[in-house]
**Q** 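Before we start, here is the structure in question, set down as structure tokens.
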Protein chains: 2
Amino acid sequence: MEITIKDIAADAKVSVSTVSRVMNGSKAVSDELRHRVMRSIEKYHYIPNAEARSLVTKNTHLVAVLEADLRNPITAIHLKQISDVCMKHNKVVIACDYDFDNKKALVLMDRMLERNIDGLIFQGVHLTDEILKKLHEFPCPVVLGNQGLSGDDCEFTTVTVDSYGVARDITEFLVGDGHRRIAYVGGNAEDYTNGQLRLKGYRDAMKAAGLEIPDSYIYQGNFSTEAGVEGMKKIYENSRDLPTAVITGSDIIAIGVIRYLKSLNIRVPEDISVFGVDDSVSDIFDPPLSTVRMFQQGEMFYEALFGEHADEKKIIHFPYQLVRRNSTRKLWQ
Amino acid sequence: MEITIKDIAADAKVSVSTVSRVMNGSKAVSDELRHRVMRSIEKYHYIPNAEARSLVTKNTHLVAVLEADLRNPITAIHLKQISDVCMKHNKVVIACDYDFDNKKALVLMDRMLERNIDGLIFQGVHLTDEILKKLHEFPCPVVLGNQGLSGDDCEFTTVTVDSYGVARDITEFLVGDGHRRIAYVGGNAEDYTNGQLRLKGYRDAMKAAGLEIPDSYIYQGNFSTEAGVEGMKKIYENSRDLPTAVITGSDIIAIGVIRYLKSLNIRVPEDISVFGVDDSVSDIFDPPLSTVRMFQQGEMFYEALFGEHADEKKIIHFPYQLVRRNSTRKLWQ
DNA sequence: GTGAAAGCGCTAACAT
DNA sequence: ATGTTAGCGCTTTCAC
């Protein structure tokens, strides 16, 4: 039988409320009793029961993170960071993988609803009305990651990449390196944040630089290596002039792009430069990817959930920084 | 105010126990009442409170997974699989990252102890006495992953790679491909399962094939890309004859080995073949790694925790299979 | 400063 | 078959 607060109270010859006060660090306990209680607690290795506690406090210290795919390197990075901050705040992360399947996500959410979680982070790839509706059922703070909503109504706070800024900055970076024919292999066209905003950033920057974009230079698929391969293939086959640089939606896509190029014996970065986003595979992939590194992802999610202004719904962007590695080169050198 | 079992009972004009029976699918309820209850449940979107429930059933449906590093690709694979099986069994996974820091792991375990989890999976990299002691405090099933204990005493069931078999099979595979100078870049020497057993498998297979192993052909570091680089460097610098093939402890190490080789313009697999383990980066890395693929990891962990014979402590190995890709080649072709 | 007691939402005897 | 009731282990008024 596990030992309970009663046992401690009995052993320390105090009431259970006193034990409770000691555990919760309430001031109103004499040193005398506090010590007796502490001794009993240590003596029995007493550990309070979290369920019983949360039953009355309505506070489970549980944060649920729903991911489309835990194996995605950037997902793993987020999860680790979120887990870290939560740890610091005495919370614990429930990690769920819905495998890109919204039906599964719905089931998972019901499961989370039972658990009275303190907060929910939903990393969506396709925010349907059904998903949104379910999200609204949560009595706790809910934060969206990855994909934001399109409107300005901001039903939920969203913590994500500054897609527009990132695409614009990458484009400017490549233009600065002397590139003029720059193609784009990005995420889903229906995805507002990662698709449309990204494309706009690229388009605007190209326009600002006075550069044309042939139709064949734009490919929108999903966030996978296969999509990268497919995208580069399409661009290769349909373009009169090959681009000298390719912007991608993520490192994973960039890898696909590079793979296709390699299969054609086109060298990266000598012949074509490829730029990633996420800095998620820097220690694995060769050549080291020029990419965009994000910062403080864990903290930003946590703040969005539980911070002072968590009630104001808004869009929050990770701080980011372009990092030059060896998948891009300067044309004028 | 959240709605509770009482509200449902009141609305359906039955007792709370009837509501409870309906929810738990107990047969002993008339269709009449069952329907009334169901209707009320749907009407109010009632969701039972998991904490209250587990307070009495002593069953949280929570499985904790403690990982050294969530970002490791093989870790992510395991986590996803475990999450999947648990899902199927109506359980939920708490994912924790202790960042290779046993002190952190200890703190995490205390946290889990509070929560009355149903089961614990500890993916250890260095099983100290302190860790083991804490593990013994859990009243629930505990399963070790990754690193097993050295003795046959089997304090805890361990679910892991068949290190000996894998190393032996890889060696035989390479010998079969005509390699005779085969080097080894593996995990920590102190690590029984992943270090010693692995090395033995390699040694035994080499001996069986009548092949010598120069001292310089063996490097034992940790499971990182850096260790792979360092290991290959050492082998390169200290060997009279370069090996024609290198066995590694994991894909991550293999990547390091290949990186070093590349930096010297030594081609893989033309000049040197490199064999990985885990099949964790197949969709990311070029060249595609010849490696060892594991199966049913999630199921095996789950079985070990909650299966019929979960009480018998033992070592369980994942089924595995060597997969030939393009980081190795046949010498006699 | 300390203790008694109510109650969090649920399940599981135990009655009926 | 259904209802009554006693807890599960804890926190939190409310007295003293």
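Residue numbers start from 1 in every chain, and the chains themselves are labelled A, B, ... in the order their sequence lines are given, proteins ahead of strands.
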**Q** For the pair made of CD in A/E2 and P in D/dG9, what is the distance, rounded to whole Å?
**A** 9 Å

**Q** What is the distance from CG of B/L55 to P of C/dC8, rounded to the nearest Å?
**A** 13 Å

**Q** Which label fits A/H136 and A/F156: parallel for a plane angle under 30°, tilted from 30 to 60°, or perpendicular past 60°?
**A** tilted

**Q** In whole angstrom, what separates B/E114's CD from D/dC8's C1'?
**A** 17 Å

**Q** Can any side-chain N or O of A/R71 pair as donor or acceptor with the backbone N or O of B/I77 at less than 3.5 Å?
**A** no

**Q** Taking atom P of D/dT2 as reference, at what distance in whole Å does atom NZ of B/K13 sit?
**A** 16 Å

**Q** For the pair made of CG in B/L33 and C1' in D/dG3, what is the distance, rounded to whole Å?
**A** 11 Å

**Q** Between A/D69 and A/N72, is any side-chain donor less than 3.5 angstrom from a side-chain acceptor?
**A** no

**Q** Using a cut-off of strictly less than 4.0 Å, decide whether A/T18 has a side-chain nitrogen or oxygen near OP1 or OP2 of C/dG3.
**A** yes

**Q** Compare side-chain N and O positions of A/K58 against OP1 and OP2 of C/dG9 and report whether any pair is under 4.0 Å apart.
**A** yes

**Q** Tell me whether the NZ or CZ atom of B/K91 lies within the 45° cone about the ring axis of B/F306 and under 6.0 Å from its centre.
**A** yes

**Q** Going through the checks in order, is the side-chain contact (heavy atoms from CB on, under 4.5 Å) test met by B/F301 and B/F318?
**A** CA-CA 9 Å; B/F301 273 115; B/F318 304 125; 3.8 Å; yes

**Q** Sort me out a list of protein N/O and nucleotides 10-13 of chain C N/O pairs below 3.5 Å, or just none if empty.
**A**
unit_1 : atom_1 : unit_2 : atom_2 : d
C/dC10 : OP1    : B/Y46  : OH     : 2.4
C/dC10 : OP1    : B/N49  : N      : 2.9
C/dC10 : OP2    : B/I5   : N      : 2.3
C/dC10 : OP2    : B/Y46  : OH     : 3.2
C/dT11 : OP1    : B/N24  : ND2    : 3.3
C/dT11 : OP1    : B/R53  : NE     : 2.7
C/dT11 : OP1    : B/R53  : NH2    : 3.4
C/dT11 : OP2    : B/S20  : OG     : 2.9

**Q** What's the CG-P distance between A/D7 and D/dC8, to the nearest Å?
**A** 11 Å

**Q** Please report, rounded to the nearest Å, how far the P atom of D/dT2 is from the CZ atom of B/R36.
**A** 9 Å

**Q** Counting distance only, does the side-chain N/O of A/Q123 pair as donor-acceptor with the main-chain N or O of A/N146 below 3.5 Å?
**A** yes

**Q** Round to a whole Å and report the spacing from OH of B/Y44 to C1' of C/dG9.
**A** 17 Å

